[in-house]
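Structure record follows, encoded as structure tokens.
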Amino acid sequence: MYMAQALRLAERGLWTTDPNPRVGCVLVRDAEVVGEGWHEKAGEPHAEIHALQQAGERAAGATAYVTLEPCCHQGRTPPCTDALITAGVTRVVAAMRDPNPQVAGSGLLALQQAGIETAVDVLAVEAQQLNAGFVMRMRTGRPHVRCKLAMSVDGRTAMASGESQWITGAAARRDVQRLRARSSAIMTGINTVLADDPSLTARPGDLSEEELGQPWRVVLDSRLRMPPAARLLNKPGRTLVLTGVTDVDRHAQLMHANVEVVALPLVDGRLDLQAVMQHLGALEMNEVHLEAGAGLCGALLQAGLVDELVIYMAPHLMGNAARGLFDLPGLDTLAQRVQLKITDIRAVGEDWRITATAANQKNV
């Protein structure tokens with residue numbers, strides 16, 4: 001019960017804690033909640049500190065239910081383990097161990113050495129799902145990639161002409177804005193930029209002030225064809241163009257206050273997708289929200305770099321001449337098909353949202 005409450009608190013930081021994890025904490029003494037808090041923003045006090053401040057002297061003798069192992073290192077804020085020990089907390093229950101190598105069990109050990117009883121792995125699956133991006137980055141060095149797609153019942157994403165606005169209804173489009181806002185970056189390919197001239201922003205009109213966040217915009221542009229007048233280059237927030245072109249003079253044509261151009265290795269004339277993801281991880285990006293065409297989506301899926309698919313299915317048919325979801329060359333037999341594991345299906349307005357993972361995708 002108390003850990004579930006802590007997880008609900010952690011969710012309140014869904015749009016604001018990046019690149020830190022979302023964490024909630026509930027302090028309980030004599031079956032009464034005496035303090036609670038959540039990590040509200042990177043660089044500000046952690047969940048445990050907010051809960052301890054609310055509890056005051058009542059924290060002595062309490063049990064702390066926290067959704068992630070308390071930190072034991074000095075970062076932008078002091079160690080939470082020290083604060084819990086000083087406050088006189090006698091028991092700490094953590095939903096999961098911190099995958100950060102700077103912690104990774106050391107937080108629980110520090111508490112145990114101070115005479116505090118500890119327990120771990122309480123609602124661990126739910127805690128990991130809340131911080132899938134942070135966990136992925138800590139364990140692999142790359143972000144969690146969520147591929148968002150919109151399709152008709154017959155699996156089409158656009159007419160043969162490229163017309164695609166709007167496949168889904170207003171409710172589904174609002175839902176997408178929340179997915180964008182919780183992400184570290186919105187990523188697309190240069191072909192989508194050239195065809196649609198998107199803004200790639202989380203739009204304030206579709207979100208509350210609490211929900212609003214403005215992620216990075218990331219464009220994969222191997223030959224550096226980005227038009228200087230592209231809309232996304234002049235939107236609030238930061239834009240990153242990843243290219244195989246090393247000519248700094250061509251970079252300079254695009255670079256201004258909020259635009260960065262970075263050259264990465266090419267493989268067969270295309271950006272090395274593994275290098276792309278490692279670069280984004282080095283920039284402390286936890287979740288990357290992919291909205292791209294069939295080519296880039298298919299390439300990332302075949303490279304094993306799509307961790308989650310969110311597919312909005314609209315109740316109409318677009319015909320066999322319309323465009324499909326993925327370019328997946330080399331699939332000639334049923335044995336070669338990409339198997340998906342559906343984890344959630346729910347109605348969003350008149351549409352259906354299907355959440356899935358690749359069946360062979362390993363959990364980290």
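Side chains are part of it too, since the values below use all heavy atoms of this structure and drop only hydrogens, waters and symmetry mates.
Atom CD of Q53 is surrounded by more than 12 heavy atoms from other residues, nucleotides or ligands within 6.0 Å. At most 12 heavy atoms of other shown residues, nucleotides or ligands fall within 6.0 angstrom of atom CZ in R223. Counting non-hydrogen atoms of other residues, nucleotides and ligands closer than 6.0 Å to CZ of R270 gives a total of 12 or fewer.
The shortest distance between side-chain heavy atoms of H46 and C80 falls below 4.5 Å. Looking at heavy atoms from C-beta onward, V28 lies out of side-chain contact with V34 at the 4.5 angstrom threshold. The closest side-chain heavy-atom distance from L309 to T355 is not below 4.5 Å. Under the 4.5 Å side-chain criterion, counting only non-hydrogen atoms from C-beta, V176 is in contact with Y312. Contact annotation: the side chain of T118 never approaches that of R91 to less than 4.5 Å [non-hydrogen atoms, C-beta and beyond]. Considering only heavy atoms from C-beta on, V26 comes within 4.5 Å of L9 through its side chain. Looking at L300 and L296, their side chains come closer than 4.5 Å, going by heavy atoms from C-beta outward. Within the 4.5 Å cutoff, side-chain heavy atoms of I311 are placed close to those of M151.
Follow the hydrophobic side-chain contacts under 4.5 Å out from I85 and you reach V66 in the same cluster. L264 and V267 are not part of a single hydrophobic cluster, where members link through side-chain heavy atoms under 4.5 Å apart. The hydrophobic cluster containing V125 does not contain Y65, counting ILVMFWY residues as joined when their side-chain heavy atoms lie under 4.5 angstrom apart, directly or transitively. Tracing side-chain contacts under 4.5 Å through hydrophobic residues (I, L, V, M, F, W, Y), one reaches L283 starting from L242; they form part of the same cluster. Both V261 and L194 sit in one connected hydrophobic cluster of ILVMFWY residues. Membership requires side-chain heavy atoms under 4.5 Å apart, directly or through other members.
A salt bridge does not link R97 with E69: none of the charged nitrogens is closer than 4.0 Å to a carboxylate oxygen. Under the 4.0 Å criterion applied to side-chain N and carboxylate O atoms, K41 and D18 are not assigned as salt-bridge partners. Between R346 and D344, at least one side-chain N (NZ, or NE/NH1/NH2) sits under 4.0 Å from a carboxylate O, which counts as a salt bridge. Classification of D175 and R353 as a salt-bridged pair holds, one side-chain N sitting under 4.0 Å from a carboxylate O. With respect to the salt-bridge test (charged N to carboxylate O, under 4.0 angstrom), the residues E11 and R22 do not qualify.
In this structure, the separation between SG on C71 and CG on D82 is 9.0 Å, given to the nearest 0.5 Å. Note: I190 CD1 to R225 CZ = 6.0 Å, rounded to the nearest 0.5 Å. Going from atom OG1 of T63 over to atom CG of L27 covers 9.0 Å, rounded to the nearest 0.5 Å. Rounding to the nearest 0.5 Å places OG1 of T67 at 7.0 Å from CG of N131. To the nearest 0.5 angstrom, T81 atom OG1 is 10.5 Å from L109 atom CG. In this structure, CE in M313 is found 10.5 Å from NE2 in H316, a value given to the nearest 0.5 Å.
No donor-acceptor pair closer than 3.5 Å links the side chain of D196 to the backbone N or O of P198. Checking side-chain atoms of T16 against main-chain N and O of E40 turns up a donor-acceptor pair under 3.5 Å. Within the 3.5 Å criterion, the main-chain N or O of R156 finds a donor-acceptor partner in the side chain of S152. Judged purely by atom type and a 3.5 angstrom limit, S199 has no side-chain atom pairing as donor or acceptor with the backbone of T201. With D272 contributing its side chain and Q274 its backbone, the two residues share a donor-acceptor pair below 3.5 Å. Side chain of T140 to main chain of M136: a donor-acceptor pair is present (N/O by atom type, distance under 3.5 Å, no hydrogens or angles). Proximity of a side-chain donor or acceptor of R182 to a complementary backbone N or O of L14 within less than 3.5 Å is not detected. Remark: the backbone N or O of L232 is paired with a side-chain donor or acceptor of R217 at under 3.5 angstrom. Side-chain N or O atoms of S183 include one that pairs as donor or acceptor with a backbone N or O of L179 at under 3.5 Å. Listed for the D221 side chain is a donor-acceptor partner under 3.5 Å among the backbone atoms of M226.
Heavy atoms only, all atoms of each residue included: L290 and C297 are closest at CD2-SG, 3.9 Å. For the pair A64 and L84, the tightest heavy-atom approach, listed with the atom from each and the gap, is CB-CD2, 4.2 Å. The shortest heavy-atom contact between A127 and A95 is CB-CB, 3.6 Å. Closest approach of W15 and R178 over heavy atoms only: NE1-O, 3.3 Å. Closest of all the heavy-atom pairs between R137 and M285 is CD-O, 3.4 Å. When every heavy atom of D351 is checked against every heavy atom of G169, the shortest pair comes out as OD2-N, 2.8 Å.
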Criterion side-chain contact (heavy atoms from CB on, under 4.5 Å) on L149 and F326, from CA distance to verdict: CA-CA 10 Å; L149 301 153; F326 296 98; 3.4 Å; yes
Begin from the C-alpha positions of L301 and V338 and carry the test side-chain contact (heavy atoms from CB on, under 4.5 Å) through to its verdict. CA-CA 9 Å; L301 185 66; V338 178; 4.2 Å; yes
Show your reasoning for whether side-chain contact (heavy atoms from CB on, under 4.5 Å) applies to E308 and V145. CA-CA 6 Å; E308 181 182 11; V145 178; over 6 Å; no
Hey, mind stepping through L254 and L233 against side-chain contact (heavy atoms from CB on, under 4.5 Å) and telling me if it holds? CA-CA 8 Å; L254 292 176; L233 298 179; 4.0 Å; yes
What's the verdict on salt bridge (Lys or Arg N to Asp or Glu O under 4.0 Å) for R142 and D307, showing C-alpha distance, side-chain angles and the deciding distance? CA-CA 11 Å; R142 72 167 180 88; D307 303 293; 2.9 Å; yes
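Looking only at atom types and distance, the side chain of E36 has no donor-acceptor partner in the side chain of Q54 under 3.5 Å away. Remark: the H39 side chain and the N20 side chain contain an N/O donor-acceptor pair separated by less than 3.5 Å. A side-chain donor-acceptor contact under 3.5 Å links E291 and H289.
Shown are T243, N191, L273; of these, the side chain to side chain contact (heavy atoms under 4.5 Å, CB included) with L220 is made only by L273.
Figure legend: cation-pi geometry between R12 and W38, with NZ or CZ positioned under 6.0 Å from the six-membered ring centre and within 45° of its axis.
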